[in-house]
2 protein chains.
Amino acid sequence: MSNRIAHAGLAAKRMTAEQAAALIGPGMAVGMSGFTGAGYPKAIPLALAHRITAAHDRGEPFALRILTGASTAPELDGALARAGGIDFRLPYQSDPDLRARINQGEIEYMDIHLGHVAQYTWFGFLGKLDVAVVEVSAILPDGQLVPSTSVGNNKTWLDLADKVIIEVNQRQPRGLEGMHDIYYGTALPPQRVPIPLTQPGDRIGEPYLRCDPDKVIAVVETDAPDRLGAFAPPDETSRRIADHLVEFFRHEIRAGRLHEKLLPLQSGVGNVANAVLAGLREAGFRGLTAFTEVIQDGMLELIGDGTIEVASASSFALSPGGVDDFVRNIDRYREKIVLRPQEISNHAELIRRLGVIGMNGMVEADLYGNVNSTHVAGTSIINGIGGSGDFARNGFLSCFLTPSTAKNGAISAIVPMVSHVDHTEHDVAVIVTEQGLADLRGLSPKQRARKVIENCAHPDYRPMLEDYFDRACRHSKGKHTPHLLGEALSWHERYLETGTMRV
Amino acid sequence: MSNRIAHAGLAAKRMTAEQAAALIGPGMAVGMSGFTGAGYPKAIPLALAHRITAAHDRGEPFALRILTGASTAPELDGALARAGGIDFRLPYQSDPDLRARINQGEIEYMDIHLGHVAQYTWFGFLGKLDVAVVEVSAILPDGQLVPSTSVGNNKTWLDLADKVIIEVNQRQPRGLEGMHDIYYGTALPPQRVPIPLTQPGDRIGEPYLRCDPDKVIAVVETDAPDRLGAFAPPDETSRRIADHLVEFFRHEIRAGRLHEKLLPLQSGVGNVANAVLAGLREAGFRGLTAFTEVIQDGMLELIGDGTIEVASASSFALSPGGVDDFVRNIDRYREKIVLRPQEISNHAELIRRLGVIGMNGMVEADLYGNVNSTHVAGTSIINGIGGSGDFARNGFLSCFLTPSTAKNGAISAIVPMVSHVDHTEHDVAVIVTEQGLADLRGLSPKQRARKVIENCAHPDYRPMLEDYFDRACRHSKGKHTPHLLGEALSWHERYLETGTMRV
């Protein structure tokens, strides 16, 4: 196993996860690796959870500030949350136990753009970082680190943390080496210069993470898989959403506003995103590119068959079958995939320059094109904004996709007023449900409302929305953005009270 | 007068404003110059309003799509709105007559980030542009145009409109020549390259606007001043807001998070903005820079006395006294001021790279740091988002400033839930009122709420906010962002019903 640790000084720091966890104390701020369930530390968080539980059993307080790349896994967020070991968490999470504790008001959670985390840490806005706990796939003889299946904020954690703990996971394919591109040209303003990337596949950095060996206080060997997701073929609703979007792209090509190779795609995670990718392939698109955060099965397939020529991301989120394919063909994929720090994958400068087409899921949209990506009924967080805002604000086109209803029709994804705003009316260009697509570009609020109701709302809710909008147009004090303030959030209230938004 | 029109072919196209207005027909999309009341066409819009009124008197429909840089003046937005001659308008306005018609539902208005207008026009998202009507200060022998007191979207209008009408305003100082920097390196993706600007004062383009003389269908000579604003010394409330922000900057310098020269400043328009600039001078700051949209009197003074070394903007907004000073010292100011297209002054890539400190006014903020910059009680537009979103999202620090109450205390600027969201909780770092400053960086929603209530709310409203927040923390379904949905917008309802937010 030790052939993965080729630096003698670091090899000498090998210890058990329990020994390493003992180096992390109460109140510390810990920057952990991990992004969409890939590349997170597998052993130390579990050992830490045991240590925390033991402390609590002794009546001693023990909680940590946990910063990551994005979501992790039950062995990290879940274990630490169940142990009561997190008092503050950022920037994105998807673990049920962690989420429950956040929504019970027990854990403070800051939901921050994924593209802002690294620079805010460098600016000193997020406080001091005591320890970095980072999974890698190998340590080179000179002490440089071969990253794992995600890059996330690892460069920043390694650079800024006082101390570093490394997990070397021999389960990660050795063939990952050379797939990463770690850009070391960032700086604090006013010393910043242009980032020299003009195509999604450009390599502008180094394949390895630098790390001062003197800061490393522990090296732990692991042999465990990433959290693997399920990958189901797209259902009928997702297919219809995808069809509307693909037809829109064709329309834009005919109108001369898009090239046949489109522009670099950013695609969120999940069934709808996979359906869109499959739809592009079925529609005969070729030679596409991706400048995105996550490569999931749907995208891997398109890279494999040439629909997508090159993909830039910060992480993988694969099913067991996807992992098999990836490992089997890793030498081929390495030519077509670039894994970057999320500071770069989600960088405003690059998203704007490349003209990325952002395609993200959402919880709900309102008549005027405001989008809620994060909250149920305005108060309970689901996961977080992730990178959707990085792409929606600065890209070429911001598309938000969702089935028109949820909970067997009890919830309408189109509402009079969203209960929480993550993307404002100024940042939303296209809304798609299985009912249809609303192209909101160049429209005033009232023009948008008519399109959203007509094209996107479920027929069961359309008359209710039309009624609200008509009455708002008549009785609203101001008629730029007509609303009945006493009724604007009543659909959410009704859902909380009766279990459905229907009257 | 014709020494301002040195190109023979264009001189031959001179005509009256009435003749030029006759070239603009019903239904056309017209891109006009003008940004914060500077550099807008002075004669043609008035002539056009007469032409439209005459058509309406004959029972003929006549309305236009009007696109500008930002706000203009009564002779443009006011005259055309009163004539019923606008059916669609973007991206920012401040004229009382235009605003009234928008809020009566008579004019469709799209409120769009100032930094997005040019690229969206190039993308084809805002439709075809029939005519550009652009004020310049002179036409050179080779047909290039010396820009006027604002640049705005003029480059884009001149490049993309089918036809061009030029107003040459001899009232604008001839000494403006050389102050502008028109960047011609933009492109459509995927052809975009880095914008080579690394300091606010960098000149990366040309001093003149290019214009194909064959597209020019009219040249009209004018001799009229820009809309001049008032400049009052800061009042006590503005001073206190400024003092809190200046003290915060000092604190950040002590903490090592800011250099003594700070970072490039972006400053909104108005009394509070002027107070902040005056506060910086009084506090002894020197060698500052600005990367902003508008230069108003407060900033001109600081440039004059060396507090600000160099300022980049897209426009002026000066008082009569400010204009006198500017004209008298124009050769000195030309060394320290760069006027750019708003696509560049508000560019995501540059705002992010330079690390701009954004300081903008707002209407209201809520407990969780969401900011409303545009609407009264959720439905009536005031002016528009302007560039505040460009800076809040992509800058180093986004600060929002406002007195804690309005309308003699009838309105609290801190509310349970904002009635319209222009800047989400993810994009707001600092909120300042005359009561104090809430530093929201690195905080969860509930942590933010406590700071906003304690530091920013007016004492008359603080107990009401505490009461709401306490009850929300107890009774909210989700406790990540505690809200009582039935009550969240009740302050605005009460204001509409009773004239005050007080119970």
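As the structure is a computational prediction, the values presented were derived from the model and not from experiment. Proteins come first, then strands; the chains are lettered A, B, ... in the order of their sequence lines, and each starts at number 1.
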* So, do Arg393(A) and Asp427(B) sit near enough that their side-chain heavy atoms are less than 4.5 Å apart? -> yes

* **Pick from His483(A), His259(A), Glu252(A), Lys477(A) with the largest number of heavy-atom pairs that fall under 4.5 Å of chain B** => Lys477(A)

* Please lay out, stage by stage, how His375(B) and Thr481(A) fare under the test side chain to side chain donor-acceptor pair (under 3.5 Å). => CA-CA 9 Å; His375(B) 281 66; Thr481(A) 307; 2.7 Å; yes

* Selection from Arg441(A), His426(A), Lys479(A) maximising heavy-atom pairs under 4.5 Å formed with chain B -> His426(A)

* What distance do Ile107(A) atom CD1 and Ser444(B) atom OG have between them, rounded to the nearest 0.5 Å? -> 11.5 Å

* To do: Look at Ile112(B), Ile385(B), Leu354(B) and state which one has the largest set of heavy-atom pairs under 4.5 Å with chain A.
  => Ile385(B)

* Stepwise side chain to side chain contact (heavy atoms under 4.5 Å, CB included) test for Asn394(B) and Asn394(A) -> CA-CA 9 Å; Asn394(B) 292 309; Asn394(A) 291 311; 3.2 Å; yes

* **Val421(B) to Thr424(A) - nearest heavy-atom pair and separation** => O-CG2, 3.4 Å

* Structure fact -> Honestly, the part of Arg448(B) sitting under 4.5 Å from a heavy atom of chain A is side chain

* Measuring heavy-atom distances to chain A, does Glu106(B) have an atom under 4.5 Å in its side chain, in its backbone, in both, or in neither? -> neither

* **Residue Gln191(B) versus chain A: region with a heavy atom under 4.5 Å** => neither

* What residue, out of Ile351(A), Thr198(A), Leu263(A), Asp439(A), has the most heavy-atom pairs lying under 4.5 Å from chain B? -> Leu263(A)

* Among Ala429(A), Pro189(A), Gly389(A), Pro264(A), single out the residue with the greatest number of heavy-atom pairs under 4.5 Å to chain B. => Pro189(A)

* Structure fact -> Given Ala348(A), Gly486(A), Pro482(A), the one with more heavy-atom pairs under 4.5 angstrom with chain B than any other is Gly486(A)

* **Expected output: side-chain Arg192(A) to main-chain Arg352(B) donor-acceptor under 3.5 Å** => yes

* Minimum heavy-atom distance Tyr120(B)-Phe396(A), with the two atoms named -> CE1-O, 4.4 Å

* Asked: Hey, which of Gly256(A), Gly442(A), Gly105(A) has the most heavy atom pairs under 4.5 Å with chain B?
  -> Gly442(A)

* Asked: Tell me, side chain or backbone of Leu485(B) under 4.5 Å from chain A's heavy atoms, or both, or neither?
  -> both

* **His475(A) atom NE2: more than 12 heavy-atom contacts under 6.0 Å** => yes

* Between Asp390(B) and chain A, which part of the residue has a heavy atom less than 4.5 Å away: side chain, backbone, both or neither? -> backbone

* **Residue part contacting chain B, namely of Leu443(A), when any heavy atom lies under 4.5 Å** => backbone

* 4.5 Å side-chain heavy-atom contact, His420(A) and Met417(B) -> no

* **Side chain, backbone, both or neither of Ile381(B) within contact of chain A (heavy atoms, under 4.5 Å)** => both

* Side-chain contact test, heavy atoms from C-beta onward, threshold under 4.5 Å: evaluate it for Leu397(B) versus Phe123(A) and give yes or no. => no

* Structure fact -> On a heavy-atom basis, the closest approach of His480(A) and Tyr109(B) is CE1-O, 3.1 Å

* Asked: Measuring heavy-atom distances to chain A, does Ile195(B) have an atom under 4.5 Å in its side chain, in its backbone, in both, or in neither?
  -> backbone

* Where on Tyr368(B) is there a heavy atom nearer than 4.5 Å to chain A: the side chain, the backbone, both, or neither? -> neither

* **Residue part contacting chain A, namely of Glu493(B), when any heavy atom lies under 4.5 Å** => both

